[in-house]
Amino acid sequence: MVKKSMLGFVCDQWAKVPPVTHGEVKDKTIVVVGANTGLGFEAAQHFARMGAGRLILACRNQDKGEAAIRRLEEATGYSKAELWLLDLADFSSVSAFGDKALKELERLDILLLNAAYAPVGSDGQFSATKDGWERAIQVNDLSGSLLAFLLLPRMLETAKQYITTPRIVVVSSEVHYWTSLERDVLDSPNAFELLGSEKYCTPKIMKARYLDSKLLNVFFARAFNRRLRDKSIIINSVNPGFCYSELRRDMTSMFMSASEWLLARTAEEGSRQLVWAAVGIPKKDVDSLKGGYVNLDKVDEPSDFVLGEQGEKWEEKLWVDLISVLEKVDARVNSIAAEHFS
């Protein structure tokens, strides 16, 4: 059972970050979500330098996405990157992206679910998406999960047709060690409907919302792997570490500035973990990556809240409730879940 201490966190942050792992991707198709800045952009640059067969930058904003394409080509010389629009705060955008991918992609080898939203400020203010969900729950958890479901059939086809092992990488965080979900979430009719509702999202709850959303990422990767019938793909969650990031661009406190100065990795250093999760090979065996939590080029144990008998109950509850929510958003989720998951 694991509960990472603050000392353990500091030691990880000060540890030398291993150099970027290089994988064979010249014939592979890679989708990087949230690729116009920060960790996503740095990871996209690494894949570009490796000569990815097809590299898709999934971005919310047309202008920023086009600027990222230009910056990437200038930095790497890679001229084949594509911009596809995707707004994780809008379920219809996620479904449309899935439609486009299924029509236009002959194969899909790596899906990097990187985009995230962090609630800002100490007042814990609730912010809703156009779909009526609390923004962090939809962006960090529901929409990424929906995209993974919609693209799973193409990834399974890729595994079979090209004799390869596609990967889904869910960007989580070590902050998942420092939170837990309240008992009333487990006892609720639907955990996500409660977590995403304005009534539940008090200032106290919202102060831990980013941490909770990263905990849900870990549960999702584990549940997806455990229940997937066809084990020909890998899904994992990954900790990039505490990095300089535009995710906190509106957080201007002296404490945050001092923390970044003392502890933060660069976005490029953090992106190396995303790349390792996508193409790296563990020293033990590759199967250890399935449902695994990646940190500093290895598979670590997640928090004690995730592990053990109670963790299994939470995982089952969250999985069932997630399917219940997403099948109402996109009817295809029902058939995908029935066909591919136990």
Side-chain angles (χ1 to χ4, degrees), residues 1-4 88-89 91 113 116-119 122-129 131-149 170 172-228 235 237 291 293 301-331 333-334 336-338 340-342:
M1 305 289 275
V2 178
K3 184 81 171 181
K4 179 167 285 191
L88 295 181
F91 285 136
L113 298 172
Y117 168 79
S122 60
D123 57 352
Q125 187 172 358
F126 174 88
S127 174
T129 67
D131 297 307
W133 290 85
E134 190 280 314
R135 188 170 297 274
I137 287 293
Q138 181 165 344
V139 171
N140 300 1
D141 299 293
L142 296 176
S143 287
S145 300
L146 175 60
L147 190 60
F149 280 119
V170 184
S172 183
S173 171
E174 72 272 286
V175 300
H176 90 274
Y177 286 103
W178 304 325
T179 192
S180 60
L181 301 175
E182 295 186 341
R183 180 73 198 189
D184 56 358
V185 178
L186 182 61
D187 293 338
S188 67
N190 187 290
F192 288 95
E193 290 178 356
L194 180 64
L195 288 167
S197 67
E198 184 171 6
K199 182 179 180 180
Y200 181 77
C201 292
T202 63
K204 177 183 176 182
I205 292 294
M206 288 303 297
K207 286 179 181 179
R209 177 45 49 96
Y210 181 74
L211 285 66
D212 292 345
S213 74
K214 298 290 102 177
L215 175 64
L216 293 172
N217 289 157
V218 175
F219 272 120
F220 173 69
R222 289 170 64 87
F224 193 106
N225 172 71
R226 193 190 304 272
R227 288 156 179 78
L228 186 64
I235 181 168
S237 59
Y293 170 73
E301 286 188 334
S303 74
D304 53 7
F305 187 77
V306 173
L307 300 175
E309 181 180 350
Q310 192 66 19
E312 291 180 5
K313 292 179 181 178
W314 276 102
E315 182 183 305
E316 176 68 19
K317 165 71 173 174
L318 292 168
W319 179 259
V320 171
D321 290 354
L322 177 68
I323 299 295
S324 177
V325 167
L326 295 183
E327 66 186 10
K328 297 172 186 174
V329 172
D330 192 308
V333 170
N334 192 306
I336 291 169
H340 298 295
F341 295 94
S342 59

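If you're wondering where the values come from, they're calculated on a predicted model, not measured in any experiment.
The two residues Ser172 and Val218 have their closest heavy-atom pair at OG-CG2, 3.4 Å. Here the shortest heavy-atom pairing between Asp321 and Pro189 reads OD1-O, 3.8 Å. Among all heavy-atom pairs drawn from Asn140 and Ser213, the shortest one is ND2-OG, 3.0 Å. Closest approach of Ser143 to Leu88, counting heavy atoms only: OG-O, 2.6 Å. Between Leu181 and Leu215, the closest heavy-atom pair is CG-CD2, 4.1 Å. Heavy-atom minimum distance, Ile137 versus Glu134: N-OE1, 2.9 Å.
Within the 3.5 Å criterion, the main-chain N or O of Ser173 finds a donor-acceptor partner in the side chain of His176. Using a distance-only test at 3.5 Å, with no hydrogens or angles considered, a donor-acceptor pair links the side chain of Arg209 to the main chain of Leu195.
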**OP:** Please report the C-alpha distance between Gln310 and Leu186 in whole Å, then the side-chain angles of each, then the deciding distance to 0.1 Å, and finally whether the side chain to side chain contact (heavy atoms under 4.5 Å, CB included) criterion is met.
**Re:** CA-CA 10 Å; Gln310 192 66 19; Leu186 182 61; 3.5 Å; yes

Subject >> CA sep, side-chain torsions, deciding dist, call: Leu216, Phe192, side chain to side chain contact (heavy atoms under 4.5 Å, CB included) >> reply: CA-CA 10 Å; Leu216 293 172; Phe192 288 95; 4.1 Å; yes

**OP:** Could you go through the side chain to side chain contact (heavy atoms under 4.5 Å, CB included) check for Glu193 and Ser188 one step at a time?
**Re:** CA-CA 9 Å; Glu193 290 178 356; Ser188 67; over 6 Å; no

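Annotation: the span from Ser145 atom OG to Asn217 atom CG amounts to 7.5 Å, rounded to 0.5 Å. One finds the OG atom of Ser197 at 8.5 Å from the CH2 atom of Trp133 (value rounded to the nearest 0.5 Å). Within the model, atoms NZ of Lys214 and CG of Asp141 stand 7.0 Å from one another, a figure rounded to the nearest 0.5 Å. Considering CG of Asp131 and CG of Leu142, their distance stands at 9.5 Å, rounded to 0.5 Å. Atom CD1 of Ile205 sits about 7.0 Å away from atom CG of Asp212, to the nearest 0.5 Å. Rounding to the nearest 0.5 angstrom, the gap separating the CZ atom in Phe91 from the CG atom in Leu147 is 12.0 Å.
Glu182 is linked by a salt bridge (charged side-chain N to carboxylate O under 4.0 Å, His left out) to nothing, counting only residues two or more places apart in sequence or in another chain. Taking the salt bridge (charged side-chain N to carboxylate O under 4.0 Å, His left out) definition, one finds that Asp184 meets it with nothing, sequence neighbours left out.
Between Phe149 and Trp319, the ring planes are tilted. Angles from 30° to 60° get that label. Using a 30° and 60° split on the angle between ring planes, Tyr293 and Tyr177 fall in the perpendicular class, above 60°.
A salt bridge links Glu316 to Arg227: one of the charged nitrogens lies within less than 4.0 Å of a carboxylate oxygen.
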Show the atom names and distances, to 0.1 Å, of all donor-acceptor pairs under 3.5 Å that link a side chain in residues 219-226 to residues at least two apart or in another chain.
residue: Asn225; atom: ND2; partner: Lys290; partner atom: O; Å: 3.3
residue: Arg226; atom: NE; partner: Glu315; partner atom: OE2; Å: 2.6
residue: Arg226; atom: NH2; partner: Glu315; partner atom: OE1; Å: 3.3

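Two residues are said to be in side-chain contact when any heavy atoms from C-beta on lie closer than 4.5 Å; Val306 and Trp314 fail this criterion.
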